[in-house]
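The structure displayed is predicted, hence computed values, not measured ones. In what follows, chains carry the letters A, B, and so on, assigned in the order in which the sequence lines appear, proteins first and then strands, with residues in each chain numbered from 1.
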Amino acid sequence: MGASPRQGRPPDSRSPEELPVPVPVLSAAPAAWLPALQLLRHGSKAVTRHWKAMHFQRQKLLALTEYLRPRPAVPPRCLPRHSPEEQQEDGYARVLQRQVEQTLRDSRMVAVCQYNSMPDEDVATLRHYLRKHNIHVKFVLNEVVRPVLAQSKYRNLLPLFVCRNILLVSPETRAREMLRVLKGVPQVNLLGACIDDTILSRQGVENFARLPSLEVSQGQTVAALSLLSSQTSSLLQRGPAHLTALLDEHIRQLRGTGGATEPPPGQSTGNH
Amino acid sequence: MWRWRLPGLLRVGGGPGGVAVPRAGLKKLALPPDYSGITIPEKPKLKFMDKVPAVPKVQREPRRLRDIRGPSQVATDFTQGQYGILALGGGYLHWGHFEMMRLSIGRSMDPKSMFAVWRVPAPRKPLTRKSLGHRMGGGKGPVERFVTAVRSGRLVLEVGGRCEFGEVQPFLARVAQKLPFPAVAVSRESLREMRWEEEQRRLDNQNPWTFERVVASNMLGMRKYLSPYDLRLKGRYWGKFFLRHRV
């Protein structure tokens, strides 16, 4: 008969002689008397090849002293099960976590996308197109990434890492090209992104993509700041500019009539 | 009225965290076992055991069946190997058994990475048998064969080397089945587990009446029906048999 499952495990001892030797309950057995008459009338010896028939009293004694297993009031299957603790962290998992940390540190744009099964050649094509814009595709396992994110500043991205997903990381922030490529791939859905330490949703990424580039916005800012001074300088130059234009028109008219008339004296223009 | 219901596991919309599609996680790569401290001896296979000892005993000796009875005091633990055959009953091993074991294990093991050693001595005890068809009387019969006595709890042989229990257990179990007493293939860990289980059973037995207690204090005059050896054997042994289910 099988033994009932036990709560613990055998003590992890290298030397078997360290097993606790139980102290018997009845240590000093009283000097028991031997019965005057032993029951051995005829029949077989003590050690036989066949199973020797036992005296009925002995059978009764064996039935009385059988093992009774413990039956607690609450069966162990109703109690909360202690899940086995993590024995030690897998070295491979540690390596992957270090890689993820480095990737997050080195990239300005991190986009989390849901990944559904794609044919391998489509995956390769997607990687190729994204690589052209210097965007790298990283497949990550949630059980590796979640501890890393929980301890870093990206812990608000944790709810995104539920299903199978990929990370699109890039040292530049080229969201427009990324969205254009992803639009053509229905199996990859953008969930959210973290661009320049700013967490953006899908809408936010689309708005960000519609923004003009940095150089254009810098030029716009400079123009806006220097608007007043440029207006002032154009105001000041309006009079002389008008005079110059009139004189040029006059010269053109004089040349047009054949050049018979003399050009006006140069002193008159110098007086003004 | 029967209504179509979604199975409980597939709830529409999922829980608060979203539906998690079950899929495989990171593969846990186990390190290969460390066999650094193991040396294979020069003769890895089992030694040949003689049928008759070098100096055979001429004087025929009494049967002395008590060398089968009870638990073994010798060779109960591993010395060199990691796996072995444990006897769970008493019996005699003769030359045929030795040859069977030697040849089966020699055939099944790889001498370059495994080794095997005997834990029982060569047959030394002479057994007599009277010739067939004669009446009682006429003295003791001549010596027919030599045997080794094995008690329960004794290791018969040990196997070790750069191998796992899974590789060794099939042929050890086959050999154990052919022995004249019940035997089982064990490893160091499984023997430790077995002993620990027995100890736990003894400790958490809910029965206040144990054989040992009844016999030691002779309750109800039980010792009239029991043997003086039962003080020592405590109801776990009956003749050459080992009662494993008894606590």
Side-chain angles (χ1 to χ4, degrees), chain A residues 1 3-4 6-13 16-17 19-22 24-26 29-30 32-40 44-52 54-62 64-71 90-93 96 141-144 159 162-164, chain B residues 17-21 23 25-29 63 65-69 77-78 90 188-189 191-193 195-207 209-231 235 238-241 243 245-247:
Chain A
M1 80 187 192
S4 54
R6 308 210 173 264
Q7 296 301 324
R9 280 180 289 115
D12 185 28
S13 58
E17 59 264 14
L19 272 172
V21 176
V25 174
L26 303 161
W33 52 270
L34 277 175
L37 186 75
Q38 293 268 14
L39 280 187
L40 188 71
S44 39
K45 302 184 179 177
V47 180
T48 50
R49 285 183 203 177
H50 63 271
W51 177 268
K52 193 166 134 186
M54 291 185 185
H55 197 281
F56 189 56
Q57 292 283 17
R58 191 194 167 100
Q59 285 180 40
K60 284 198 283 190
L61 177 64
L62 288 182
L64 172 73
T65 55
E66 262 171 12
Y67 170 72
L68 290 179
R69 66 180 171 84
R71 293 194 66 187
D90 205 11
Y92 186 42
L96 290 176
L141 281 176
N142 289 346
E143 65 183 74
V144 163
V162 175
C163 283
R164 198 154 175 218
Chain B
V19 181
V21 178
R23 44 181 215 292
L26 192 63
K27 180 166 177 139
K28 305 264 186 293
L29 301 162
R63 209 150 288 165
L65 289 168
R66 56 184 178 273
D67 55 6
I68 307 294
R69 196 179 191 188
D77 270 315
F78 286 93
R188 283 190 195 241
E189 285 77 31
L191 186 63
R192 205 156 47 85
E193 288 254 357
R195 299 244 166 95
W196 187 81
E197 276 276 345
E198 277 183 24
E199 190 57 34
Q200 288 299 307
R201 268 171 66 100
R202 203 184 63 81
L203 288 173
D204 63 22
N205 185 15
Q206 299 300 301
N207 197 344
W209 310 111
T210 53
F211 191 96
E212 186 184 351
R213 189 178 158 199
V214 170
V215 171
S217 43
N218 193 14
M219 293 182 180
L220 294 177
M222 268 295 135
R223 288 190 63 184
K224 183 175 172 200
Y225 311 102
L226 306 173
S227 155
Y229 287 92
D230 284 315
L231 265 174
W238 179 240
K240 66 172 185 172
F241 303 103
L243 309 171
H245 59 277
R246 298 248 352 134
V247 76

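Residues A:Gln59 and B:Tyr225 fail the side-chain proximity criterion, which asks for heavy atoms closer than 4.5 Å. Contact of the A:Val47 side chain with the B:Arg66 side chain is not registered, since no non-hydrogen atoms from C-beta on lie closer than 4.5 Å.
Within the 4.5 angstrom heavy-atom criterion, no atom of A:Lys60 approaches chain B. Contacts between A:Gln57 and chain B at a heavy-atom distance below 4.5 Å involve backbone atoms as well as side-chain atoms. Contacts between B:Arg63 and chain A at a heavy-atom distance below 4.5 Å involve the side chain alone, from C-beta outward. Of the two parts of B:Phe211, the backbone and the side chain both hold a non-hydrogen atom closer than 4.5 Å to a non-hydrogen atom of chain A. With a threshold of 4.5 angstrom between heavy atoms, B:Leu220 does not approach chain A through any atom at all. With a 4.5 angstrom heavy-atom cutoff, A:Leu141 touches chain B only via side-chain atoms.
Atom-to-atom distance recorded for A:Arg69:CZ and B:Arg201:CZ is 11.0 Å, nearest 0.5 angstrom. Annotation: the span from B:Leu65 atom CG to A:Thr48 atom OG1 amounts to 9.0 Å, rounded to 0.5 Å. In this structure, the separation between CG on B:Asn207 and CD on A:Glu66 is 8.5 Å, given to the nearest 0.5 Å.
A pairwise comparison of heavy atoms in B:Thr210 and A:Thr65 identifies C-CG2, 3.5 Å as the closest pair.
A donor-acceptor pair under 3.5 Å links the side-chain atoms of A:Glu143 to the main chain of B:Leu26, judged by distance alone.
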